[in-house]
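Chain naming here is simple, since letters A, B, ... match the order of the sequence lines and numbering starts at 1 in each.
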Number of protein chains: 2
Amino acid sequence: MQEIRLKDVAALAGVSTATVSRVIHSNGYVSAGVRERVESAIRDSGYRMNAVAQELRRRKTITLGLVLHGALSHPFVAEVAVGVEQAAAEQGFTVLLFNSQGDPDRERESVEELLKRRVDGIVFTTAVQGKNVQLALDAGIPAVEIERRLCDAAPAVVVDNYAGASEAMQHLLTLGHRKIGFIGEPFLDDEAPRLPALGIPRERFEAYRDALHAAGIPFDESRVVLGPYPRELGGWGGLETGAAYMRRLLTQAPDITAVFTVSDLVAAGAYQALYSRGILIPRQISVIGFDDTFAPYLAPPLTTVRQPMFDMGFKAASLAIAAVTDAEAGSAALDATVGSPVSTSPGTALEFCPTRLVVRESTARAPAEP
Amino acid sequence: MQEIRLKDVAALAGVSTATVSRVIHSNGYVSAGVRERVESAIRDSGYRMNAVAQELRRRKTITLGLVLHGALSHPFVAEVAVGVEQAAAEQGFTVLLFNSQGDPDRERESVEELLKRRVDGIVFTTAVQGKNVQLALDAGIPAVEIERRLCDAAPAVVVDNYAGASEAMQHLLTLGHRKIGFIGEPFLDDEAPRLPALGIPRERFEAYRDALHAAGIPFDESRVVLGPYPRELGGWGGLETGAAYMRRLLTQAPDITAVFTVSDLVAAGAYQALYSRGILIPRQISVIGFDDTFAPYLAPPLTTVRQPMFDMGFKAASLAIAAVTDAEAGSAALDATVGSPVSTSPGTALEFCPTRLVVRESTARAPAEP
DNA sequence: TTGAAAGCGCTAACAG
DNA sequence: CTGTTAGCGCTTTCAA
């Protein structure tokens, strides 16, 4: 099982390797006759280029690294990954997948490995530690973060959580709800090693508080539940929390007519609590979520604030690819015309993707006061 | 931004590249003093091995290709992918991700690209066409299929759908249900280009039919709905189908006390139909699913037959890795002792992973006859 | 115990 | 238009 090399093809066609290379990349002059011969030699021999050799020689791999924080099984991450893969594929890039499991050490090792493999760029679908992102940057590899920014020096593709949550509240308010509950996640420090970290829950909560205030509704602490996850049975954390917190809300604020949950997952938990109590959605209580991951699969289908996960992945990968492409063009230009206008650095841009309210069947007009 | 090569480290330590290579791989004799010097030279220079060059020289990449059939956003596929990545990582392999989008052409291109990149093995999370799997095999690369086998020459990691579905039926029967509905997917041809193909729905249906028969319950066609998906609004197909088929079942067989749905996704759709009719689960009707993907997130949590998705991915990757490892050991052994006992070929094994009934809250004793 | 040297398979000047 | 040639950065005999 001997590998067929370019040289073999050349011999078979009776030309030099340079010529074969030329016809493969259709670059440089090759007479029609020779091209013909080479092409059939390629076909006859079943030649398959050795990309490893090519990468070594060209000093680029046309590969993107994708570092996930572990929960590829979470629809959000998965959908982002699909977007990354799609963008990469469209530009001829392939994707090398790593999973940090939310562990900073594994994340560092992933980056190290990616750097050894000389990938052209790295996308973090929710980085765990900013310094690992910096590690890539220091090696001269463009890195892009998704969902939250941990490293100021890298561009990030995010969503305006405050705006999205505001829209959710607006929807509830417009439907006449005044007694609105909130089920949130804990606010963790940004560089904390565990998943929910984000600081994002806080933004969503603030939108809740501010929307109430703007509507002239006094803030009532008993209508809000947020705190640490109870240690749960598998899963990503959030489901059991949602159920438990919903139950608590039902006890401490039984008069609420709507709940805003911090994520679809938490909403799913809330649904379970409501279902077992025989409380009807949306007749007795309206529920609104965030993410649009589980939302379509719940009964009734959940009204939620959609994050454009695919687009976020797509955009992030595109940014990374653009960075390498620009860098090449840049150094080329540098060779050509010294003193050309300095290009603007889009390096540290914060790209906001728009959220969108998706109204389904879990929200309805507030019941009339009894 | 010049890359630091092995040669640079060697110069810095005042030794040859061979020696540096030796200390890096701790192989061959190196005096303690020299090792010391080299190690600090490596540290001081911030040397990072160029894996591409290494791969070219060693003629192996320590990389696995993972070809998905498109729906990475489907929890089943995602979970399998996590298993693959985990197994790979544990053995020092990395994973190159491709997405065929269920398109045979893209699948072929993915395999071609993977072969060019000289991956050591390929895992198909649900191959689309057997001949694409064969393509890898022909190139001498071990390939493993997951979920269904399209290529006889490759090992596959699957589940006994008939047994799993039988267990589900047994559960329902034990709970006293006699009037049991079935919501299925269409039976498509194996080499059909579209997703649900599988032939798997058929096995699950047959288990349903046979279980009824074994229990002495006459088969009633009106309690069964299966057929082509209505063309739907995004998603993977199954949700809307589940809802529509459940409604149909409610009309044509209003006396059923339980339904077996062919997947959790279809069950989710069924839940929606039931919810909007105000029919209580499991008080009025029991529902059981298959997969254990969405099951935990539904209200009430769905009783289902779990497929060990992570394990399937893990096992498949392990098989692929074992195949390359064996091949190496094999040829080494061949060099050493000609005429050694011929190793058994596990190449075409069909690995069955066990399903498991997970009882949650969607199934209960059949209501007493009125 | 260490070094010199010959490539792995491909590309890209530079000649012709 | 085509061929020659010098490597890309690393590993690995073979000698010393």
Check for a donor-acceptor pair, side chain of [X] on one end and backbone N or O of [Y] on the other, with a separation under 3.5 Å.
{"X": "B:E145", "Y": "B:A154", "value": "no"}
{"X": "A:R118", "Y": "A:L115", "value": "yes"}
{"X": "B:S110", "Y": "B:R106", "value": "yes"}
{"X": "A:E107", "Y": "A:G102", "value": "no"}

Does anything in residues 91-101 of chain A pair up under salt bridge (Lys or Arg N to Asp or Glu O under 4.0 Å), and if so which pairs, sequence neighbours excluded? none

Pairs in or reaching into residues 15-38 of chain B: which pass salt bridge (Lys or Arg N to Asp or Glu O under 4.0 Å), with residues at least two apart or in two chains?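 Of all non-adjacent pairs touching residues 15-38 of chain B, none passes salt bridge (Lys or Arg N to Asp or Glu O under 4.0 Å).
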
Please list, chain by chain and in numerical order, all residues satisfying side chain to side chain contact (heavy atoms under 4.5 Å, CB included) with [X], sequence neighbours excluded.
{"X": "A:S31", "value": "A:V34"}
{"X": "A:A323", "value": "A:P142"}
{"X": "B:K116", "value": "A:R48, A:M49, A:A51, B:E113"}
{"X": "B:A81", "value": "A:L72, B:L66, B:L72"}

Along DNA chain C, 5' to 3', what are the outermost nucleotides having an atom less than 4.0 Å from a heavy atom of chain B? C:dT1 to C:dG9

Considering residues at least two apart in sequence or located in another chain, which fulfil the salt bridge (charged side-chain N to carboxylate O under 4.0 Å, His left out) criterion with A:D8?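 For A:D8 the salt bridge (charged side-chain N to carboxylate O under 4.0 Å, His left out) partners, ignoring immediate neighbours, are A:R5.
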
With B for base contact, S for sugar-phosphate-only contact and - for none (protein heavy atoms under 4.0 Å), nucleotides 7-16 of chain D reads BBBBBB----

What residues from residues 31-43 of chain B pass a heavy-atom cutoff of under 4.0 Å to DNA chain C?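 Heavy-atom cutoff 4.0 Å gives B:S31, B:V34.
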
Under 3.5 Å, sequence neighbours excluded: what are the donor-acceptor pairs made by side chains of residues 87-99 of chain A?
{"from": "A:E90", "atom 1": "OE2", "to": "A:Q86", "atom 2": "NE2", "distance (Å)": "3.1"}
{"from": "A:T94", "atom 1": "OG1", "to": "A:T63", "atom 2": "OG1", "distance (Å)": "3.4"}
{"from": "A:T94", "atom 1": "OG1", "to": "B:R117", "atom 2": "NH1", "distance (Å)": "3.1"}
{"from": "A:T94", "atom 1": "OG1", "to": "B:R117", "atom 2": "NH2", "distance (Å)": "3.4"}
{"from": "A:N99", "atom 1": "OD1", "to": "A:G70", "atom 2": "N", "distance (Å)": "3.2"}
{"from": "A:N99", "atom 1": "OD1", "to": "A:Q101", "atom 2": "N", "distance (Å)": "3.1"}
{"from": "A:N99", "atom 1": "ND2", "to": "A:G70", "atom 2": "O", "distance (Å)": "3.4"}

Over the length of the helix from C:dT1-D:dA16 to C:dG16-D:dC1, how much do the five-pair end axes diverge, rounded to 10 degrees?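 That helix gives 40° between its end axes.
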
